[in-house]
Amino acid sequence: MCNLYSLRTGPADLRRAFGIADDRTGNLPPLPAIFPDQMAPVVRNGADGRDAMLRWGMPGPKAFGEHPITNVRNVASPHWRPWLGPAHRCLVPATAFSEYADTKPRKTPVWFALTEDRPLFAFAGIWRPWTGVRGTKRENPDRTEAEHMLFAFLTTEANGIVGPVHPKAMPVLLTKPEEWATWLEAPTAEALRLQRPLPDSAMREVARGPRSDGAEPEAEDA
């Protein structure tokens, strides 16, 4: 679920919203379609700056081949518990996300945002370092092993807006500065109280059909 999202907010607005003094994302363009295993900006705690570009998808359990996991629901799992403390929580800025409607002959991307204007929000994310082979074939054609900084974000039960399209789950959306601060800084039990669906009145469906929330990007190279 939610293996596609967008970020159309520019760097200046990101810095202002999240209080970023040391911007490490470079000259960040609009990102109308972010897919798993791609690089995207996240906001973390840290004395040397709060934002950075990380790769989407944390390794799953070794028993299942460590295949990348983009969305985490079971926070009671021993596999995820080490990354739920403040040092490894992050915010994943976004302006919309997509779920796929079960249409035929092909599934249809359905985009959700807070309003038609696509205001900024954040997914409740976690991150970790990991050494192994990651990156698209274009980025890493020789499949070279290296250290990567990886992220995923939490999901919860679907609300009445997302549920008709994807009834099993939806991402945890944080929309207020006080929620962002709680997720980054609060004790784990308090922070995890934010793992709940956004009220129906706080979001809407904003597009249906395209695989990009804006100008079409180049096709992702898996």
(message) I'd like to know whether V75 forms a side-chain contact (heavy atoms from CB on, under 4.5 Å) with W80, so could you lay out the CA-CA distance, the side-chain angles of the two residues, the decisive distance to 0.1 Å, and finally the verdict.
(response) CA-CA 6 Å; V75 294; W80 301 116; 5.8 Å; no

Under 4.5 Å between any side-chain heavy atoms of [X] and [Y], yes or no?
X	Y	value
V162	M203	yes
V92	F151	yes
Y5	W56	yes
L114	T175	yes
W127	M149	yes
V133	E145	yes
M58	I126	yes
R89	T188	yes

So, the side chain of [X] versus the backbone of [Y]: is there a donor-acceptor pair under 3.5 Å, distance only?
X	Y	value
R118	E116	yes
D200	G160	yes
D117	P119	no
N159	I161	yes
R8	D213	yes
E190	P187	no
H67	P61	no
N140	G135	no

How long is the gap from [atom1] on [X] to [atom2] on [Y], to the nearest 0.5 Å?
X	Y	atom1	atom2	answer
I69	E66	CD1	CD	10.5 Å
L154	M170	CG	CE	12.5 Å
W180	C90	CH2	SG	14.0 Å
L173	L194	CG	CG	11.5 Å
L7	D13	CG	CG	10.0 Å
S6	R211	OG	CZ	13.5 Å

(request) Any pair with a residue in residues 176-185 that passes salt bridge (Lys or Arg N to Asp or Glu O under 4.0 Å), sequence neighbours left out, goes on the list, sorted by first then second residue, please. (result)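 Listed once each, the pairs are E179-R196.
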
(request) Can you tell me which residue pairs pass the salt bridge (Lys or Arg N to Asp or Glu O under 4.0 Å) test with a partner in residues 151-160, sequence neighbours excluded? (result) R73-E157

(message) Can you confirm whether more than 12 heavy atoms, excluding those of R106, are under 6.0 Å from its CZ atom?
(response) no

Distance-minimising heavy-atom pair for [X] and [Y]:
X	Y	answer
P197	T156	N-CG2, 3.4 Å
A158	P167	CB-O, 3.8 Å
V110	A101	CG2-CB, 3.9 Å
C2	E99	N-OE1, 2.9 Å
W183	G125	NE1-O, 2.9 Å
A186	P86	O-CG, 3.7 Å

(message) Run T108 and R208 through side-chain contact (heavy atoms from CB on, under 4.5 Å) and show every step you take.
(response) CA-CA 7 Å; T108 301; R208 187 174 286 243; 3.7 Å; yes

(request) May I ask you to check whether W111 and F97 place their ring centres under 6.0 Å from each other? (result)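 No.
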
(message) Quick check on the 6.0 Å ring-centre criterion: do F153 and F123 meet it?
(response)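 Ring-ring flag for F153/F123: true, centres closer than 6.0 Å.
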
(message) Show, in sequence, the C-alpha distance, side-chain angles and deciding distance for E139 and R55, and conclude whether the salt bridge (Lys or Arg N to Asp or Glu O under 4.0 Å) test is met.
(response) CA-CA 12 Å; E139 293 172 318; R55 192 174 297 278; 2.9 Å; yes

(request) Please determine, by modelled atom types, if T9 and T95 share a side-chain donor-acceptor pair under 3.5 angstrom. (result)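 Per modelled atom types, T9 and T95 side chains form no pair under 3.5 Å.
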
(message) Quick one about T70 and N3 (side-chain donor to acceptor, distance below 3.5 Å, no hydrogens or angles considered), yes or no?
(response) yes

(message) Please evaluate residues T115 and V206 with respect to the criterion side-chain contact (heavy atoms from CB on, under 4.5 Å), reporting the C-alpha separation (whole Å), side-chain torsions for both, the decisive distance (0.1 Å), and the verdict.
(response) CA-CA 7 Å; T115 70; V206 293; over 6 Å; no

(request) State which residues pass salt bridge (charged side-chain N to carboxylate O under 4.0 Å, His left out) with R81; sequence neighbours excluded, sorted by chain then number. (result)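 Counting only residues at least two positions away or on another chain, R81 forms no salt bridge (charged side-chain N to carboxylate O under 4.0 Å, His left out).
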
